[in-house]
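Below you'll find the structure, written out as structure tokens, and then a few comments.
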Amino acid sequence: MSLHLEHLNPEQLAAVTLPDEHALILAGAGSGKTRVLTTRIAWLIKGGRVTPAGVLAVTFTNKAAREMLTRVGAMLPSASPSSLPRGMWIGTFHGLANRMLRAHHREAGLPAAFQILDSQDQLAAIKRLLKGMGVDEDRFPPREVMYFINGQKEEGVRSRDVTVTDENTRRLAELYAAYDEQCQREGVVDFAELLLRSYELLKNNEILREHYGQRFRHVLVDEFQDTNRLQYRWLKLIGRSSCLFAVGDDDQSIYTFRGANVGNMQDFERDFRVKHVVRLEQNYRSHGNILDAANALIANNRNRLGKNLWTAAGQGEPLRVFEGESDMDEARWIVEEVRALERDGTRLSQVAVLYRSNAQSRVVEHALFSQGIPYRVYGGLRFFERAEIKHALAYLRLIATPDDDNSFLRVANFPPRGIGARTIEQLQDAAKQQGKSLMAVVDGKALSFRKLIDDLRAETQGLPLKELVEVVVAKSGLIEHYKTEREGADRIENLEELVNAAATFTEEARETESGEAVDPLTAFLTHAALEAGEHQAGEGQEALQMMTVHSAKGLEFDVVFLSGLEEGLFPHEQSVTERDGLEEERRLAYVAITRARRRLYLSHAQTRMLHGQTRYNIPSRFLEEIPEGLMKWLTPRFSRQREAVWGAARRAPDPIPTLKTPRDVGGFRIGQNVVHPKFGSGVIIDAEGQGGDARVQVNFGSQGVKWLAVSVAKLQAA
DNA sequence: CAGCCTCACTTTTTT
DNA sequence: AGTGAGGCTG
């Protein structure tokens, strides 16, 4: 009910109570940015500076949007979360764009029941397009065409405006045009299109622009460092005459690989002549040593707006650092520590194992599984992305929009009903000739499929959503089909879960009243596309948390294991070739470190299985960038000779089978530690040739990976 | 038309 | 190592 302004620190309070002008809030990790954002909204409304309908708040994930909604609701009078903020627009960029396009679909040139393509759907649509146009998929891989199209859309560039520099780009622009035509014909819209379309709608339609410009007095943006150029332009348009309140942290920008533009923060300051820049630097999450480590690390980055976190909490423990002989060794150690923590009363759900890439989770999972420690792995396939769910949704879509060729192709012959490639090809030819959809030109064998869909539509006419989905799942033949599959039980369970999802969605929809009148089925399909489902198995259970560093952003844990701190892995080897790639990796490490509240473990392994091969890695440069005084090495630092691995392999009762036989090359061998007068210390990771011609490949960490001729280079065994 | 097998790929991810 | 997609054979 209350805002509790007295609990805010001076900077937070200043940010919350800024006058009605543009503001940029630089909010460090754990500095209470969500709190500032939500309190600001509530403060504006309570003070009568704005009505709920005048507020637009944008986030990146549905989860963040929900949290914001709940927290704002809790601070406002008469608030039960359901009867919430009448008319307030809180949501993701895509959610809000969708909302606008639904409301003005006619002006935007879209059918009322337009469908949304997720990335999978989009790729399928592009593959289909390329095939139809007879494009050589080796020269134009569908995935790259997709990246090109999305990249252009995210820069706000339409096909006719593409800067054509060469033949390749010219062709790509053509494909872009053809793709957009296909989408338009089929009444579907991809994620990037949602944004671009609503941007153009505002830009070209003066009435709407004025309407929304007048309406939204205050526009607030979360995670501003993650916005791309189009999103920034969208904000500029919709918030033309409003006060823009942007909250972000340039040090936590870890999504440039998907188009995020940190430069938006500087641009914003300049474009809007921002008078108020508030830095939130007091951290309420971590102990001092953890923060000091994070600060020291990120200080190595050049492109920063500048910020230093501090805490009133004590220094806490030193960071614990472990060197494993192998990835398995590292995993074993993690498991041991986790059990010790558990014995000391730490809740498993407060412990997280973080890693740079998903492939690393497997070894740890094995170790945890064999010790019977419950764990939960984040990421991977989400509910609405599962094949069986996509199949069911395809049936539903065909009921709503029969011309949806993507869906037609997905399920025309699934479960198998004798409509093979031949038949489909004929249909595609006919459709192309007549300029119609596949469903419209169905004949012969495929008539049975159209009849099935027509029957389903007739039968479900007027049924409530839940029953509708139930009937479709039952009569599509999917359940029957999965009964015959050996892995089918899980899939059937998921289909049943889909029916439940439909049931809950109906209730939610009634409560939150998304406003615009859309038929329930379309609303549900939109929900499925826009919210692939954070809803995952094992939620809320007491289990160890495992995830990539990326997915850990925004979360916090008492204890964090940051594993695989090795050159080539973290920083990832592909990052060194990208512009500013290393700085992004460092920000990633910064995000990882600042997830920990009380205890942080850092670990690396000397050898690691990757893609079926043993790799020899040296410790990450990031370990060297953390002051020695903050760390406590659980294993003697670098003292274990790499030879120890071979020694262990010889002595151990069961030798580690994955190790290659150490081959002598000019007195050196793979895995050996060496010192070079110029490049410093490194480890031999590959070798070729014999005697005088022998060459070895050495990983010198921050100095890079080099091939050296043994007879020339002054290499010494370390 | 359908199942099987080989081949190529492998950073990070939300919507 | 493990997976997914596409090609080939029955």
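So you know, we letter chains A, B, ... as the sequences are listed, proteins then strands, and number each from 1.
- OP1 or OP2 of B:dT13 lies within a sub-4.0 Å distance of a side-chain N or O belonging to A:Asn358.
- Spacing between atom NZ of A:Lys553 and atom C1' of B:dT13 amounts to 11 Å, rounded to whole angstrom units.
- When heavy atoms are screened at a 4.0 angstrom cut-off, A:Asn413 is found touching the sugar-phosphate backbone but no base atom.
- In terms of phosphate contacts, A:Ser551 brings no side-chain nitrogen or oxygen within less than 4.0 Å of OP1 or OP2 of B:dT12.
- Here, C:dG6 and B:dT11 have their C1' atoms 25 Å apart, quoted to the whole Å.
- Remark: the A:Glu578 side chain and the A:Ser575 side chain contain no N/O donor-acceptor pair separated by less than 3.5 Å.
- Remark: ring of A:Tyr255 not stacked against base of B:dT13; the cut-offs of centroid gap under 5.5 Å and plane tilt under 30° are not jointly satisfied.
- Atom pair A:Ile424:CD1 and B:dA2:C1' shows a separation of 15 Å (rounding to whole Å applied).
- A:Glu531 places its CD atom 7 Å from the P atom of B:dT15, with the value rounded to the nearest Å.
- Side-chain N/O atoms of A:Asp443 and A:Gln426 include no donor and acceptor closer than 3.5 Å.
- A:Ala529 comes within 4.0 angstrom of nothing in the nucleic acid, heavy atoms only.
- Across all strands, A:Glu137 comes closer than 4.0 Å to no nucleic acid atom at all (heavy-atom distances).
- Residue contacts for A:Phe191: at a heavy-atom cut-off of 4.0 Å it reaches a base atom on one of the strands shown.
- Annotation: of the two residues near DNA chain B, A:Arg356 and A:Gly420, the 5′-most nearest-nucleotide partner is A:Gly420.
- The aromatic ring of A:His94 is not stacked on the base of B:dT15, since the criterion of ring centres less than 5.5 Å apart with planes inclined by under 30° is not met.
- Look at A:Asn98 and you won't find any side-chain N or O under 4.0 angstrom from OP1 or OP2 of B:dT15.
- Using a 4.0 Å heavy-atom criterion, one finds that A:Ile419 contacts the sugar-phosphate atoms exclusively.
- Listed nucleotides: B:dT13, C:dA1, B:dT11. Nearest to the side chain of A:Met609: C:dA1.
- Of the candidate nucleotides B:dC1, B:dT15, B:dT14, B:dT15 has the atom nearest to the side chain of A:Asn62.
- When each of A:Leu530 and A:Glu584 is assigned the nucleotide of DNA chain B with its nearest heavy atom, A:Glu584 is the one assigned upstream, toward the 5' end.
- Look at CG on A:Asp327: it is 12 Å from C1' on C:dA1, rounded to the nearest Å.
- For A:Tyr147 and B:dT12, the OH to P distance is 11 Å, given to the nearest whole Å.
- A salt bridge does not link A:Asp250 with A:Arg587: none of the charged nitrogens is closer than 4.0 Å to a carboxylate oxygen.
- Other residues, nucleotides and ligands contribute only 12 or fewer heavy atoms inside 6.0 Å of the CZ atom of A:Arg229.
- A cation-pi contact, defined as under 6.0 Å to the ring centre and within 45° of the axis, links A:Arg376 to A:Tyr378.
- Atoms CG (A:Leu610) and C1' (C:dA1) sit 10 Å apart, rounded to a whole Å.
- With hydrogens and angles ignored, a donor-acceptor pair under 3.5 angstrom links the side chain of A:Ser119 to the base of B:dT15.
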A:Arg304 vs A:Asp251, salt bridge (charged side-chain N to carboxylate O under 4.0 Å, His left out): CA-CA, chis, key distance, verdict
CA-CA 7 Å; A:Arg304 295 183 66 208; A:Asp251 290 333; 2.7 Å; yes

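- The separation of C:dT3 from B:dT14, taken at their C1' atoms, amounts to 23 Å, rounded to a whole angstrom.
- No contact: A:Asp118 has no heavy atom under 4.0 Å from any strand.
- In the set B:dT13, C:dA1, B:dT15, the nucleotide with an atom closest to the side chain of A:Thr61 is B:dT15.
- Nucleic acid contact for A:Thr423: sugar-phosphate only, since backbone atoms but no base atoms lie under 4.0 Å from a heavy atom of the residue.
- One atom, CZ of A:Phe257, and another, P of B:dT10, lie 15 Å apart when rounded to the nearest Å.
- Counting non-hydrogen atoms under 4.0 angstrom, A:Lys127 reaches the backbone sugars and phosphates but no base.
- Straight-line distance from the CD atom of A:Gln360 to the C1' atom of C:dG2: 16 Å, rounded to whole Å.
- Note on ring orientation: taking the six-membered ring where Trp is involved, the planes of A:Trp234 and A:Phe93 are perpendicular (angle over 60°, cut-offs 30° and 60°).
- Phosphate proximity of B:dT14 to A:Arg382: present, with a side-chain N or O under 4.0 Å from OP1 or OP2.
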